[in-house]
Amino acid sequence: MRRRQRIAYLYLLPGFLVYLAFVLVPLAHTVELSFFEWDGISVGRWVGLDNYRRLLGDSTILSSFAHAGVFLVFTSVVPVMLGLVLAAALSRHRLRGLAVFRTVLFLPQVIAMVVVGVAWRWMYTDDGVVNQLLHAIGLGSVTRAWLGDFTWALPAVGLVGTWVMYGLCMVLFLAGVQKIDTSLYEVARIDGAGPIREFRHVTLPGLRQEIAVALTITTIAALRNFDLVYVTTNGGPGNATNVPAVEIYRLGFREGDVGLACAVAVVLTLLIFAVVFAITRLAREER
Amino acid sequence: MSVRAERLVIYAVLVTFCVAVLLPFVSILTVALQPPGSTVTGLALPDELHFGNFRRAWTVGGFGSLMASSAIVAIVVVPTATALSILAGYAFGTMRFRGSTGLFYLLLIGLVMPFEATVVPLYYDLRALHLTDTYWALILPQIGLSVAFGTFWMRAFFLSSPTSLLEAARLDGASTWTTLWRILLPTARPAVTTLATLFFLWSWNEFLLALVLIQDPDRRTAPAGLGLFVGERTVDVAGLSAGALIITLPVIVVYLFLQRGFIRGMLEGSIKG
């Protein structure tokens, strides 16, 4: 037994060493640096919780977290809702040709967000596809350069988040709904359940795990969002689409305010952990 | 509504959503085929197909060398991270040892944590070690974070493989090493392929680290190059679109080749986890 134990550690060792050195140690270092005032060049100065106090009083940083909340709605809540509606509609049917739909719907998952950002940058320009479509349906009066508009830039980028994630949610839920025992639906129908009760009592419980997975993946993507914002708007116009990850980049590498950048990183990481923990807990309680 | 009408509506909705997925790609493709210097960004058929944009992006835009850097990073990261994940997942899935629960929780951190959380100290620490502007600056952190997910993934696979197989191997006197490579791994092909595909996608598409840790244009990766070009004042719209499509091509090829197993593996794996 003792020998087997030692062998187990040998198998773990190489992977854990790299993980420790390049994930855990830097993470601890982020926390440590968040207690320092440091410009990245000279000697740092211990300032305790000062960076966190500054963070709470900085309207730019606070608004970046508010924008992350907006992204959460667009990237996580809306796609999950869309996926559920589709799953509910599909639960009563067995359709052919789903494989083709699946391949297309899943596509945004494998493309670099930078590429997605470039494609959507063109979509949203003055003569881009979005405005072309609006003209085509007679809404020419609302067209604008969407990403340069203080009011509309945030929802416009948010909608790209929806576009990236709805396919994933649909594919997940369609696969899940096909696994639900059809006899459950028959029983519900014999009991006289309408589509809504059927959805609440059969489809929704049957998809619990898939919903938890979809929420976890989309939430992390929504909160960490850097690539998409950097490429489409770089936080602008003004700070209209600024998000915490862009703030970390700006403070840590442009402004030389390394301590504050790390404080933002710590808060962002804690936020992600808290949300993921809550989702896991909820998914378990429902069981 | 009759069942047939309902079905038609569902198909129509599915088709609409698929068209919406494809629309930005069709748009960027038509933009990439416009004459050089064109400022068209919408859907418009070019007078003739200007494939020269792709050639220009490859040579003048430097996407050839950007792709080479991305390929070097991925070629080291994918096999290494996969091998280390198999080894660690094997230990977690089939062996009992002291501290396994604690180590497992430590691993979960890496499952949730994004590079955004560590990029600042990574830059300053790697710079102090003179590792920025080298491929190692991307390779090592990418392996580190991939191994967290990979270990979790392979653990789930090994936990689900029949214990009778393990028992039989042990009674036959097979070492843990032989059991892993000769008996378990041949059945693990789908799980390992999915994992390696995921690692490839993550490595190939990674942007933040590449943007921060590599300033040397000769070692820059494709997404970082693209991201920097977009931010420049004068943008060669057609050339940039061509570049974006060039760096997407390997991903599309891998996806179309492996997608059946890949999507299924992803779905099963994520639910199991």
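Keep in mind that what you see is a predicted model, and the values were worked out from it rather than measured.
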Relative to chain A, which segment of [X] carries a heavy atom at a distance below 4.5 Å: side chain, backbone, both, or neither?
| X | result |
| --- | --- |
| L180(B) | side chain |
| L29(B) | neither |
| L103(B) | both |
| V237(B) | both |
| I86(B) | neither |
| V15(B) | both |
| F17(B) | both |

Who among [options] has the most heavy-atom pairs with chain B under 4.5 Å?
| options | answer |
| --- | --- |
| F273(A), F106(A), Y166(A), Y249(A) | Y166(A) |
| T103(A), V18(A), V25(A) | T103(A) |
| L268(A), V258(A), L33(A), V264(A) | V258(A) |
| L17(A), L24(A), L13(A) | L24(A) |
| V231(A), D126(A), N131(A), L105(A) | L105(A) |

Chain A contacts, top residue of [options] (heavy-atom pairs, under 4.5 Å):
| options | answer |
| --- | --- |
| V254(B), L256(B), L208(B), L228(B) | L208(B) |
| T94(B), L108(B), L226(B), L22(B) | L226(B) |
| L122(B), V31(B), I109(B) | I109(B) |
| R127(B), E206(B), R170(B), Q142(B) | R170(B) |
| L145(B), I263(B), V251(B) | I263(B) |

Atom [atom1] in [X], atom [atom2] in [Y]: separation rounded to 0.5 Å?
| X | Y | atom1 | atom2 | value |
| --- | --- | --- | --- | --- |
| L126(B) | F22(A) | CG | CZ | 6.5 Å |
| M113(B) | I220(A) | CE | CD1 | 11.0 Å |
| F226(A) | F115(B) | CZ | CZ | 13.5 Å |
| I111(A) | I247(B) | CD1 | CD1 | 9.5 Å |
| E116(B) | D227(A) | CD | CG | 7.0 Å |
| L211(B) | Y230(A) | CG | OH | 4.5 Å |

Please assess V118(A) against F229(B) for the test side-chain contact (heavy atoms from CB on, under 4.5 Å), listing each intermediate value before the final yes or no. CA-CA 10 Å; V118(A) 172; F229(B) 286 139; over 6 Å; no

Are there over 12 heavy-atom neighbours, none belonging to W202(B), within less than 6.0 Å of that residue's CH2? yes

Tell me if the CZ atom of F104(B) is crowded by more than 12 foreign heavy atoms within 6.0 Å. yes

Minimum heavy-atom separation for [X] and [Y], please, with both atom names.
| X | Y | value |
| --- | --- | --- |
| L87(B) | P14(A) | CD1-CG, 4.3 Å |
| L201(B) | V110(A) | CD1-CG1, 3.6 Å |
| F101(A) | C18(B) | CD2-SG, 3.4 Å |
| Y19(A) | L106(B) | OH-O, 2.6 Å |
| V115(A) | A244(B) | CG2-O, 3.8 Å |
| A261(A) | V120(B) | CB-CG2, 4.3 Å |

L90(A) vs I10(B) side-chain heavy atoms within contact, under 4.5 Å: yes

So for [X], is it side chain, backbone, both, or neither that comes closer than 4.5 Å to the heavy atoms of chain B?
| X | answer |
| --- | --- |
| R102(A) | both |
| L86(A) | side chain |
| L133(A) | side chain |
| M113(A) | neither |
| Y124(A) | neither |
| L10(A) | neither |
| V23(A) | both |

Main-chain N/O of P24(B) paired to W120(A) side chain as donor or acceptor, under 3.5 Å: no

Donor-acceptor pair, side chain of T30(A) and main chain of A117(B), under 3.5 angstrom: yes

For the residue pair Y11(A) / T176(B), report whether a side-chain donor-acceptor contact shorter than 3.5 Å exists. yes

If only side-chain N and O atoms count, and only distance matters, is there a donor-acceptor pair under 3.5 Å linking W122(A) with S241(B)? yes

Parallel, tilted or perpendicular: ring planes of Y9(A) versus F97(B), cut at 30 and 60 degrees: perpendicular

Run the numbers on I252(B) and L107(A) for side-chain contact (heavy atoms from CB on, under 4.5 Å), then give the verdict. CA-CA 9 Å; I252(B) 298 281; L107(A) 193 64; 4.0 Å; yes

